[in-house]
Amino acid sequence: AVEQLFRIEPGNYGYHAGLTALLTNRFDDALERLLAQDINTPCYRRWWQWWGVTGTAYHMLGRYDEGLGVIQSGLERFPNERRLIYREAIAFAGLGRLDAVDSLIDVIDGLPAQPRYSPGQRIAFIALELKVLGHREAYGAVMDRALDWFAARPMSQQRAWRGQAFYYAERWSDADTLFANLIEETPDNLDYRGYRAVALAHLGRREEALEADRWLQSNERPYSRGSQTRWRAAVAAALGDHAGAVQLLEQAIQEGMQLGYNHHRDPEWEALRDYGPYQMLMRPERVAR
């Protein structure tokens, strides 16, 4: 549907079509559509997301200089948009400019937390990007900064984001403990169940991980866009079942799971990145015009 809208009015629907292409691993298509968007309309002059998404499309194509240019152009328009500051750090990571990444982490570290924004979480995400790009030493140092950010605050605050940081730092026992407590309070939360299931798999607690997998399988719900199946794929990957993980990922995609930047960064798929069937599944396919 969005492709039809784009073909009729590219200047009005370039962003929508580009974002859809990005979330389905069609990065060339995404950039083509995003650049067709008219960003000088009353709406898009205020829509900082265009700069973030377009910078991400360049990033996923390995065109890091151009991506940085777009992000910095966005910051000229929206100098206080903290999510663009984070995207600028990601762009510098792509260029290998680790000193610039560290400087921006200093900025992010000093920003106040908000109900839907955690500086500690964003620092952890930057660490994951460094890991994917092969900067293992920098990953460790930046992840330590994320953990320090959470350690400086009461344990009662930002518990889910703190649990994510433990998970991303591969502190599986800490992640297991925290998410187990969160599950007691919110037993139907799929993400809490998923994080804990993967942590259990990495801790070698196979039967408990499989029990969590069965819970995820039996708790299907409408409009979850493949969330349960995605976590089941992550559990399979953590248990070393590469074929099962790819099969479940394919199912999750059919159910509406998004790919694009977050999937590229997420650590659950690290064990699969050199696995042929996974590479085939992730291969972008352009839409004929």
Side-chain angles (χ1 to χ4, degrees), residues 23-25 116 118 120-122 124-125 127-129 131-132 143 146-147 150 155 158-273 275 278 281-282:
L23 296 178
T24 51
N25 269 17
R116 298 183 66 180
S118 166
Q121 181 204 43
R122 294 292 162 159
F125 285 164
L128 289 181
E129 181 64 29
K131 184 180 183 183
V132 168
M143 191 60 76
L147 294 170
F150 287 105
M155 283 292 294
Q158 306 213 357
R159 294 164 66 207
W161 284 329
R162 189 189 301 265
Q164 283 183 2
F166 287 144
Y167 178 93
Y168 296 144
E170 301 179 10
R171 287 176 50 173
W172 305 119
S173 182
D174 290 326
D176 168 43
T177 300
L178 205 159
F179 282 113
N181 291 334
L182 288 169
I183 288 167
E184 287 186 7
E185 299 168 17
T186 316
D188 290 334
N189 187 293
L190 292 175
D191 287 332
Y192 296 167
R193 295 276 185 172
Y195 282 119
R196 186 172 187 230
V198 175
L200 289 168
H202 283 289
L203 287 167
R205 294 159 62 181
R206 181 181 179 86
E207 290 307 314
E208 291 174 87
L210 290 173
E211 181 181 355
D213 174 79
R214 288 190 289 272
W215 185 94
L216 290 165
Q217 185 178 19
S218 65
N219 277 267
E220 295 184 7
R221 57 193 69 175
Y223 312 117
S224 63
R225 296 191 298 182
S227 181
Q228 301 104 308
T229 311
R230 178 229 184 258
W231 278 119
R232 294 190 64 219
V235 173
L239 291 172
D241 180 6
H242 292 182
V246 170
Q247 183 178 5
L248 286 165
L249 267 178
E250 186 170 11
Q251 179 182 335
I253 292 166
Q254 295 299 320
E255 293 169 353
M257 172 186 152
Q258 297 177 354
L259 295 170
Y261 174 71
N262 288 344
H263 185 86
H264 140 89
R265 178 203 65 201
D266 285 346
E268 289 86 2
W269 322 118
E270 186 172 358
L272 301 178
R273 288 186 180 128
Y275 181 55
Y278 174 79
L281 181 63
M282 293 298 108

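With sequence neighbours excluded, the residues forming a side-chain hydrogen bond (donor to acceptor under 3.5 Å, both in side chains) with Tyr278 are His263, listed by chain and number. For the side-chain hydrogen bond (donor to acceptor under 3.5 Å, both in side chains) test, no residue two or more places apart in sequence or in another chain qualifies with Gln247. The salt bridge (Lys or Arg N to Asp or Glu O under 4.0 Å) check on Asp191 picks up nothing, with sequence neighbours excluded. Residues passing the side-chain hydrogen bond (donor to acceptor under 3.5 Å, both in side chains) test with Thr177, sequence neighbours excluded: none. Take Arg171 and apply the salt bridge (Lys or Arg N to Asp or Glu O under 4.0 Å) test, not counting sequence neighbours, and it matches Asp174. Checked against side-chain hydrogen bond (donor to acceptor under 3.5 Å, both in side chains), Thr24 has the following partners two or more places apart in sequence or in another chain: Arg26. Evaluation of the side chain to side chain contact (heavy atoms under 4.5 Å, CB included) rule for Pro187 yields Arg193 as partners, not counting sequence neighbours.
Here CG of Leu259 is found 7.5 Å from CG of Leu281. Values are rounded to the nearest 0.5 Å. Here CZ of Arg196 is found 14.0 Å from CH2 of Trp172. Values are rounded to the nearest 0.5 Å. We find the CD-CD distance between Gln164 and Gln158 to be 10.5 Å, quoted to the nearest 0.5 Å. With values rounded to the nearest 0.5 angstrom, Thr229 atom OG1 is found 9.5 Å from Leu249 atom CG. A distance of 11.5 Å separates CG of Asn219 from OG of Ser227, quoted to the nearest 0.5 Å. Between atom CG of residue Leu128 and atom OH of residue Tyr168 there is a gap of 6.0 Å, rounded to the nearest 0.5 Å.
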Stepwise side chain to side chain contact (heavy atoms under 4.5 Å, CB included) test for Phe166 and Phe179: CA-CA 10 Å; Phe166 287 144; Phe179 282 113; over 6 Å; no
Trace of the side chain to side chain contact (heavy atoms under 4.5 Å, CB included) decision for Glu129 with Tyr261: CA-CA 10 Å; Glu129 181 64 29; Tyr261 174 71; 2.8 Å; yes
Glu170 vs Lys131, salt bridge (charged side-chain N to carboxylate O under 4.0 Å, His left out): CA-CA, chis, key distance, verdict: CA-CA 12 Å; Glu170 301 179 10; Lys131 184 180 183 183; 2.8 Å; yes
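Residues Phe150 and Ala165 approach most closely at CE1-CB, 3.7 Å, considering heavy atoms. The minimum heavy-atom distance between Ala197 and Ala212, with the atom names listed, is CB-CB, 3.5 Å. Here the closest heavy-atom approach between residue Ala160 and residue Leu182 is recorded as CA-CD1, 3.9 Å. Closest approach of Ala124 and Ala146 over heavy atoms only: N-CB, 3.7 Å.
Between Arg273 and Met282, every side-chain heavy-atom pair lies at or beyond the 4.5 Å cut-off. In this structure, the side chains of Leu190 and Leu216 come closer than 4.5 Å at one or more pairs of heavy atoms.
Residue pairs satisfying the salt bridge (charged side-chain N to carboxylate O under 4.0 Å, His left out) criterion with at least one member in residues 179-190, sequence neighbours excluded, are listed as follows: Arg159-Glu185. Residues in residues 219-258 take part in these ring pair (Phe, Tyr, Trp, His ring centres under 6.0 Å) pairs, two or more places apart or across chains: Tyr195-Trp231, His242-Tyr275. Legend: salt bridge (charged side-chain N to carboxylate O under 4.0 Å, His left out) pairs involving residues 241-256, not counting sequence neighbours: none detected. Annotation: salt bridge (charged side-chain N to carboxylate O under 4.0 Å, His left out) contacts involving residues 224-235, sequence neighbours excluded, comprise Asp213-Arg232, Arg230-Asp266, Arg230-Glu268.
For the pair Thr186 (side chain) and Asn189 (backbone), a donor-acceptor distance under 3.5 Å is absent.
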Return all side-chain donor-acceptor pairs below 3.5 angstrom for residues 198-210, not counting sequence neighbours, or 'none' if the list is empty.
unit_1: Arg205; atom_1: NE; unit_2: Glu208; atom_2: OE2; d: 2.7
unit_1: Arg205; atom_1: NH1; unit_2: Asp176; atom_2: OD2; d: 2.8
unit_1: Arg205; atom_1: NH2; unit_2: Glu208; atom_2: OE1; d: 2.9
unit_1: Arg205; atom_1: NH2; unit_2: Glu208; atom_2: OE2; d: 3.4

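No more than 12 heavy atoms of other residues, nucleotides or ligands shown are found within 6.0 angstrom of CD on Glu211.
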